[in-house]
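Bear in mind that the values here come from a model prediction, so they are computed numbers and not experimental data.
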Amino acid sequence: MFKKFLSLALVVMMLMSVIAIGASAAQVEIADDAAPAENVASQGADSEVASQGAEADLKGQGAGDGVIYFDAASAGWSGAKAISFYIYGLKGEGNVTEWGAKNKEYTSNEGDIWAFKAKEAGVQDGHQYGIIFENLDTTAQTADLLFDSTCYGDTGYVPNPDDKIENAVDSNKKSMLAKWKSSSFGPIKQITSLGNIVGESIPSSTSAYQMLVNFLASKGSQSLTNALNYNGKDAQTTIDETAKALGLNKGDVEKAIAEAKDTGANDGSGDKTDWSSKWDKSKSSLPDGESSGSGSSSSSSSSGGSTGGSTGGSTGGSSGSSGSSSTKSGSASNTQTGQEETVLFIMLGVMVAAAGVIFFARKKERA
């Protein structure tokens, strides 16, 4: 009987050994399969670091020289023969460059990356400007983008060439939304010739409230008078919709109408337009509230209206895959280092079980 139990114990040990070896082989196979993913993650990380390093070098060079860049390929302008950097002042500084000018003495290109010597062209520290990138081959253009000397070394680009907004001066035209790769400045917020709001960044020289005052006081292309000639709406509706888009309330509008009347037309004609008879506070859909005099939607350095440009808007986003790649790599590594421990514990378990079988078999045989 003892021999039968001993044979049984040996068979069990052999079976458990086979299972343990199979498990070990499976673990090694998993680790081997995971290894390429680890290599891919490492290569991806190296590539990302290299790309970031190249862009950092570009920004560092431009920042020191007062240079800004534009990625023409992002706008679908690859191979363009001439790109214009139209820069205009937002606070009476005048234009740094003329519309449509090639500015050859300040512009150069390396492939589809165009460089512009903004500081040398006349951009002053401490002043904000609007900038429009124009393809002089086709006259296609981007929307007005907020800009100052902190953008030196940065690159303007178009996230999506199909993402276009109403041109602030000419409603029959559309302009592509542009952004900076690093700067928080976005497309300039403006009231269009139809009374619509485009853009996201209000220059420090104005506010949402002041934008509305200018809209009501002006007789120019970006004015309520002009908007009513083309948008098919009445003054009450247009004022309410424009003010709502600017984040203003009834109190803001009431005060803005009075201020616009006192100011007169800001186009230099001196004519005064009184909209108080065209806008009824009791019929307004705007929220109640007292005017602060500066506009409730006035925000940070990148927040309300502009002058002298021709469009505005916003977009953005980022993603990262290195985190998931790193997780894969770590998982494969842990699986591989734990193989030997698993096999050792299985073998010890088999030996203890066999010893127990032999002990009880002998005890029973002696009995």
Side-chain angles (χ1 to χ4, degrees), residues 130 143-144 146 163-175 177 186-203 206-267 272-299 302-315:
D144 309 48
L146 192 60
D163 192 3
K164 298 179 181 180
I165 60 171
E166 178 187 341
N167 185 292
V169 176
D170 186 349
S171 61
N172 294 315
K173 296 181 179 180
K174 298 287 185 180
S175 301
L177 291 173
I188 297 175
K189 181 171 285 189
Q190 301 182 81
I191 302 177
T192 73
S193 60
L194 296 180
N196 300 318
I197 303 298
V198 294
E200 63 176 14
S201 293
I202 300 178
T206 187
S207 67
Y209 171 79
Q210 191 58 50
M211 289 173 65
L212 181 62
V213 172
N214 292 343
F215 179 62
L216 297 172
S218 176
K219 293 291 185 67
S221 61
Q222 290 169 277
S223 68
L224 177 55
T225 301
N226 184 80
L228 296 177
N229 289 331
Y230 299 99
N231 66 9
K233 304 173 185 177
D234 59 22
Q236 177 83 35
T237 302
T238 303
I239 292 174
D240 274 3
E241 290 180 351
T242 303
K244 183 178 180 180
L246 290 171
L248 303 177
N249 57 42
K250 293 179 181 178
D252 292 322
V253 173
E254 192 171 40
K255 185 175 181 178
I257 289 175
E259 187 173 334
K261 178 183 177 182
D262 292 339
T263 302
N266 63 14
D267 61 358
K272 295 185 178 182
T273 303
D274 185 4
W275 295 105
S276 59
S277 62
K278 303 290 186 179
W279 183 81
D280 189 338
K281 184 176 182 180
S282 64
K283 296 180 180 179
S284 175
S285 60
L286 294 171
D288 294 324
E290 295 299 322
S291 173
S292 65
S294 59
S296 57
S297 75
S298 218
S299 57
S302 51
S303 44
S306 70
T307 59
S310 64
T311 79
S314 76
T315 52

note = Hits for side-chain hydrogen bond (donor to acceptor under 3.5 Å, both in side chains) against Lys250, two or more places apart or cross-chain, chain-then-number order -> Asp288

query = Residues two or more places apart in sequence or in another chain: which of them pass side chain to side chain contact (heavy atoms under 4.5 Å, CB included) with Asp280?
reply = Gln236, Ser282, Lys283

ask   = To the nearest 0.5 Å, what is the distance between CG (Leu194) and CG (Leu228)?
value = 10.5 Å

key: Distance (rounded to the nearest 0.5 Å) between Leu224 CG and Lys219 NZ   = 11.0 Å

message = Restricting to non-hydrogen atoms, name the atom on Tyr209 and the atom on Ser291 that form the minimum distance, rounded to 0.1 Å.
response = CE1-OG, 4.0 Å

key: Name of the residue among Val198, Asn167, Asp170 meeting side-chain contact (heavy atoms from CB on, under 4.5 Å) with Ser175   = Asn167

inquiry  = Check whether Glu290 reaches the backbone of Gly251 with its side chain - one donor and one acceptor, N or O, closer than 3.5 Å.
reply    = no

key: Flag, side chain of Trp275 to backbone of Ala235, donor-acceptor distance under 3.5 Å   = no

For the student: nearest non-hydrogen atoms of Ser201 and Gly186, plus distance = OG-N, 2.8 Å

inquiry  = Can you list everything that forms a side chain to side chain contact (heavy atoms under 4.5 Å, CB included) with Ser276? Sequence neighbours excluded, please.
reply    = Ile257, Asp274

remark   = Here the pair of heavy atoms bringing Ile188 nearest to Gly130 is CD1-CA, 3.7 Å

ask   = Under the side-chain hydrogen bond (donor to acceptor under 3.5 Å, both in side chains) test, which residues partner Lys278, sequence neighbours left out?
value = none

ask   = Roughly how far apart are Ile239 CD1 and Leu212 CG, rounded to 0.5 Å?
value = 7.5 Å

key: Atom pair CG (Asn214) and CD1 (Ile191), whose distance is rounded to the nearest 0.5 Å   = 8.0 Å

request  = Please name all residues satisfying side chain to side chain contact (heavy atoms under 4.5 Å, CB included) with Lys244, sequence neighbours left out, ordered by chain then number.
outcome  = Leu286

query = Backbone N or O of Ser285 within a donor-acceptor pair of the Asp240 side chain at under 3.5 Å?
reply = yes

key: All salt bridge (Lys or Arg N to Asp or Glu O under 4.0 Å) counterparts of Lys281, not counting sequence neighbours   = Glu254

task = State, to 0.1 Å, how close Ser218 and Thr225 come at their nearest heavy-atom pair, and which atoms those are.
result = O-OG1, 4.2 Å

task = Kindly state each residue pair satisfying side chain to side chain donor-acceptor pair (under 3.5 Å) with at least one member in residues 226-235, sequence neighbours excluded.
result = Asn231-Thr238, Lys233-Glu241, Asp234-Thr237

ask   = Side-chain contact, heavy-atom cut-off 4.5 Å: Glu259 with Gln210?
value = yes

request  = For Thr192 and Asn196, indicate whether the former's side chain and the latter's backbone hold a donor-acceptor pair under 3.5 Å.
outcome  = yes

message = Suppose we screen for side-chain hydrogen bond (donor to acceptor under 3.5 Å, both in side chains). Which residues come up paired with Ser223, at least two apart in sequence or across chains?
response = none

key: For Ser193, all residues meeting side-chain hydrogen bond (donor to acceptor under 3.5 Å, both in side chains), sequence neighbours excluded   = none

task = Might you point out which heavy atoms bring Leu248 and Ala208 nearest each other, and give the distance in Å?
result = CD1-O, 3.9 Å

ask   = Distance-only, no hydrogens or angles: does the Ser221 side chain make a donor-acceptor pair with backbone N or O of Val169 under 3.5 Å?
value = no

query = Would a 4.5 Å heavy-atom cut-off, applied to side chains only, mark Lys189 and Leu246 as touching?
reply = yes

